[in-house]
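The chains referred to below are lettered A, B, ... by the order of the sequence lines, with proteins before strands, and numbering in each begins at 1.
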2 protein chains.
Amino acid sequence: MASIKDVAAAAGVSVATVSRVLNAHPSVSADARARVLAAVETLGYRPNAVARSLRTDQTHTLGLVISDVMNPYFTELARSVEEEARALGYSVIIGNADERPDLQDHHVRNLLDRRIDGLLVSPTDGGSPLMLDAVRAGTPMVFVDRWIPGVDVPVVRADGQAAVRDLVAHLHGLGHRRVAIIAGPAATTTGSERVEAFRAALADYGIPLPDAYTGQGDFQAESGRRVMEGFLDLPEPPEAVFAADNLMALGALDAIRARGLRVPRDIALAAFDDIPWFVHTDPPVTAIAQPTGELGRAAVRALVDRIEGRTPKSVTLPARLVVRRSCGEPAPPFPSPTQSPSPVQRSTS
Amino acid sequence: MASIKDVAAAAGVSVATVSRVLNAHPSVSADARARVLAAVETLGYRPNAVARSLRTDQTHTLGLVISDVMNPYFTELARSVEEEARALGYSVIIGNADERPDLQDHHVRNLLDRRIDGLLVSPTDGGSPLMLDAVRAGTPMVFVDRWIPGVDVPVVRADGQAAVRDLVAHLHGLGHRRVAIIAGPAATTTGSERVEAFRAALADYGIPLPDAYTGQGDFQAESGRRVMEGFLDLPEPPEAVFAADNLMALGALDAIRARGLRVPRDIALAAFDDIPWFVHTDPPVTAIAQPTGELGRAAVRALVDRIEGRTPKSVTLPARLVVRRSCGEPAPPFPSPTQSPSPVQRSTS
DNA sequence: CTGAAAGCGCTTACAG
DNA sequence: CTGAAAGCGCTTACAG
């Protein structure tokens with residue numbers, strides 16, 4: 001592979017001059033520039049990004065460590081992150097923690113070793129020593145979706161409280177009183193916040209959330225299945241179940257179907273995180289939708305601000321309830337031409 | 001951030017010795033090793049992978065350029081690729097082409113500039129000059145899922161011919177005679193092969209595949225919606241539609257639902273690529289399943305073989321039909337305890 | 001077993 | 001406008 005030396009030789013100039021034209025430095029004669037460009041062309045020269053990074057101490061690369069790529073929510077987040085980063089001149093390297101703190105550390109370490117310019121993370125746990133060290137060392141960092149309390153890092157996330165209240169109002173309006181939740185890991189903010197928001201909203205209606213109705217999942221499908229089976233084995237199973245993410249809702253659906261039960265006739269189901277398939281499931285699933293693309297873009301902007309010396313602030317965007325039929329309400333007879341802009345949005349599916 | 005010099009100074013040895021202990025070189029005294037390790041520990045030193053790569057001309061990184069991350073098939077592929085690569089000591093950087101040749105080139109160029117050790121690609125088109133140049137220049141490369149004919153690069157993919165034949169037998173057995181396909185881009189191998197396999201299998205039953213029943217999609221949901229709308233507008237719409245990937249099937253479902261039509265009563269639907277949600281859609285969708293994880297792992301092994309000087313061969317694994325209810329057959333009354341190992345597998349959903 | 005030195009491919013003050 | 005030179009952080013023959 002041709003190096004800058006080859007280009008310099010071919011163009012009859014020094015490597016310094018080649019470097020200048022490559023970096024659009026103004027003080028290069030038109031003649032030299034033309035010869036360099038011609039040499040670059042005929043040699044098919046491409047600058048070695050590794051060497052450039054070593055020299056400039058910049059990689060123009062962002063690290064994104066997410067909890068689980070297989071979760072459509074995070075896939076979409078990753079996609080929007082890459083798009084915004086590309087628009088701002090950065091590449092992104094994704095590390096998939098698969099909800100495992102050890103894997104998360106593996107990726108953080110790998111990314112740090114590669115000297116990425118900044119790190120976007122959706123922590124799988126309460127913060128490993130490695131992650132905390134990275135913050136302390138001054139690594140530009142931004143948390144997305146999940147965050148670590150007590151750590152001074154900007155957070156870009158959705159606030160689901162209002163949407164959860166809307167969901168509880170919806171469930172209550174449909175007559176559900178025995179209500180359960182499949183929660184995420186308590187060590188994650190989204191794991192604990194969603195339970196707390198749900199519990200608080202239920203309390204407003206005088207509905208308790210007993211331990212038996214609080215299942216501990218890990219945000220992955222298998223745990224949703226397991227917890228739902230536990231609920232169904234109860235002497236008095238819940239009438240409605242709220243899965244704290246879409247994967248656990250999938251697992252819950254598997255468990256319900258395996259028993260030959262029907263949603264919402266035998267049990268109501270709602271999920272945090274909306275996905276395109278929820279429109280087509282049997283029945284369409286009522287879900288809380290996050291402004292995922294917005295979150296990804298805002299997170300990148302915050303991180304790039306930080307990298308480039310500005311001081312980003314945390315961003316919180318509202319989530320919203322999308323009512324479909326999985327909690328018992330009949331669908332509207334005809335699709336309405338427009339969707340309601342109110343917090344409780346009725347889906348046209 | 002501490003460099004190898006700082007470690008050397010703290011340990012009272014030369015940087016050469018530090019490098020040796022870091023790379024497990026045998027000829028280092030126990031004493032020197034201990035001092036270096038202690039210095040590494042107290043300084044929190046981590047080797048700079050950028051510098052190491054520049055020096056060794058190896059990045060221990062694989063590039064993966066896929067057509068569309070939002071497609072669950074590719075998400076799973078990416079996941080298995082990363083897992084196998086990690087097991088073999090490599091990292092992977094994913095580039096999402098989003099079915100756009102220009103974006104694909106952007107990522108290939110970016111990856112090449114970063115001097116990745118090898119490239120895994122699922123081409124979005126018939127091969128850009130850039131990609132062809134990379135092959136010619138000797139970049140270790142392996143194609144996954146899709147490939148470029150006439151280019152001497154190992155291919156790891158699934159063969160769907162038998163499964164497509166099984167699907168056509170299934171459709172024919174259910175009485176469908178007017179059968180249509182939503183195809184992928186003709187410039188991709190999977191785009192053209194799936195149509196050809198479908199056409200050939202239909203021919204065995206004397207069923208034609210007229211142009212009006214051959215819709216041109218791009219493997220993304222919106223195109224599935226558009227093509228399906230076209231089919232439904234036909235004076236004589238098809239009785240059954242085969243979507244060449246799961247995203248176009250999603251779009252097709254959207255279009256069907258928007259018209260107030262029902263699957264399979266009004267129109268039958270089948271898809272290439274199986275996903276977990278197909279079990280829960282209304283109705284469960286009959287699909288052709290690829291051994292996705294296997295493909296990803298085999299592709300990585302082939303690429304690493306190539307990188308490390310061995311000579312990999314192409315790998316072709318069979319896809320299989322998973323019959324559910326979207327083509328009209330009633331589901332079995334009870335889930336069967338085991339699944340049939342025959343090519344035509346009956347799903348228990 | 002150990003260290004001095006060269007060199008990977010760049011960028012960038014510095015001097016002219 | 002241009003080039004020689006230093007240096008980014010490593011690794012690795014080479015000599016001892």
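- Annotation: salt bridge (charged side-chain N to carboxylate O under 4.0 Å, His left out) contacts of Arg86(B) (sequence neighbours excluded): Glu82(B).
- Residues forming a salt bridge (charged side-chain N to carboxylate O under 4.0 Å, His left out) with Arg35(B) (at least two apart in sequence, or on another chain): Asp31(B).
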Give every donor-acceptor pair under 3.5 Å between a side-chain atom in residues 36-47 of chain B and any protein atom, sequence neighbours left out.
{"residue": "Thr42(B)", "atom": "OG1", "partner": "Ala39(B)", "partner atom": "O", "Å": "3.3"}
{"residue": "Arg46(B)", "atom": "NH1", "partner": "Asp113(A)", "partner atom": "OD1", "Å": "3.3"}
{"residue": "Arg46(B)", "atom": "NH1", "partner": "Asp113(A)", "partner atom": "OD2", "Å": "2.6"}

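- Here the separation of dA5(D) from dC1(D), taken at their P atoms, is 23 Å to the nearest Å.
- Across the protein-nucleic acid pair, Arg33(B) atom CZ and dT2(C) atom C1' stand 13 Å apart, rounded to whole Å.
- Residues in residues 297-307 of chain A take part in these salt bridge (Lys or Arg N to Asp or Glu O under 4.0 Å) pairs, two or more places apart or across chains: Glu84(A)-Arg301(A), Glu294(A)-Arg297(A), Asp305(A)-Arg310(A).
- Taking 4.0 angstrom as the limit, Ser14(A) places a side-chain polar atom (N or O) nearer than this to OP1 or OP2 of dG3(D).
- The list of salt bridge (Lys or Arg N to Asp or Glu O under 4.0 Å) pairs with a residue in residues 47-59 of chain B, not counting sequence neighbours, is empty.
- Counting only Watson-Crick or G-U wobble pairs whose defining distances are both under 3.5 Å, the stems of 3 or more consecutive pairs in DNA chain C are C:1-3 with D:14-16, C:5-12 with D:5-12, C:14-16 with D:1-3.
- Here, dA13(D) and dG9(D) have their P atoms 23 Å apart, quoted to the whole Å.
- With contacts defined as side-chain heavy-atom distances shorter than 4.5 Å, the pair Val304(A)/Tyr90(A) qualifies.
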Distance-only donor-acceptor pairs under 3.5 Å for side chains of residues 127-135 of chain B, two or more places apart:
{"residue": "Ser128(B)", "atom": "OG", "partner": "Asp105(B)", "partner atom": "OD1", "Å": "2.6"}
{"residue": "Ser128(B)", "atom": "OG", "partner": "Asp105(B)", "partner atom": "OD2", "Å": "3.4"}
{"residue": "Ser128(B)", "atom": "OG", "partner": "Met131(B)", "partner atom": "N", "Å": "3.2"}
{"residue": "Asp133(B)", "atom": "OD1", "partner": "Arg136(B)", "partner atom": "NH1", "Å": "3.0"}

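- Under the rule for a salt bridge (charged side-chain N to carboxylate O under 4.0 Å, His left out), the partners of Asp98(B) that lie at least two apart in sequence or sit in another chain are Arg79(A).
- Look at the C1' atom in both dT12(D) and dG16(D): the space between them is 16 Å, to the nearest Å.
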*Which parts of nucleotides 8-16 of chain D does protein reach within less than 4.0 Å, heavy atoms only, written one letter per nucleotide 5' to 3' as B for base, S for sugar-phosphate only and - for none?*
BBBBBB---
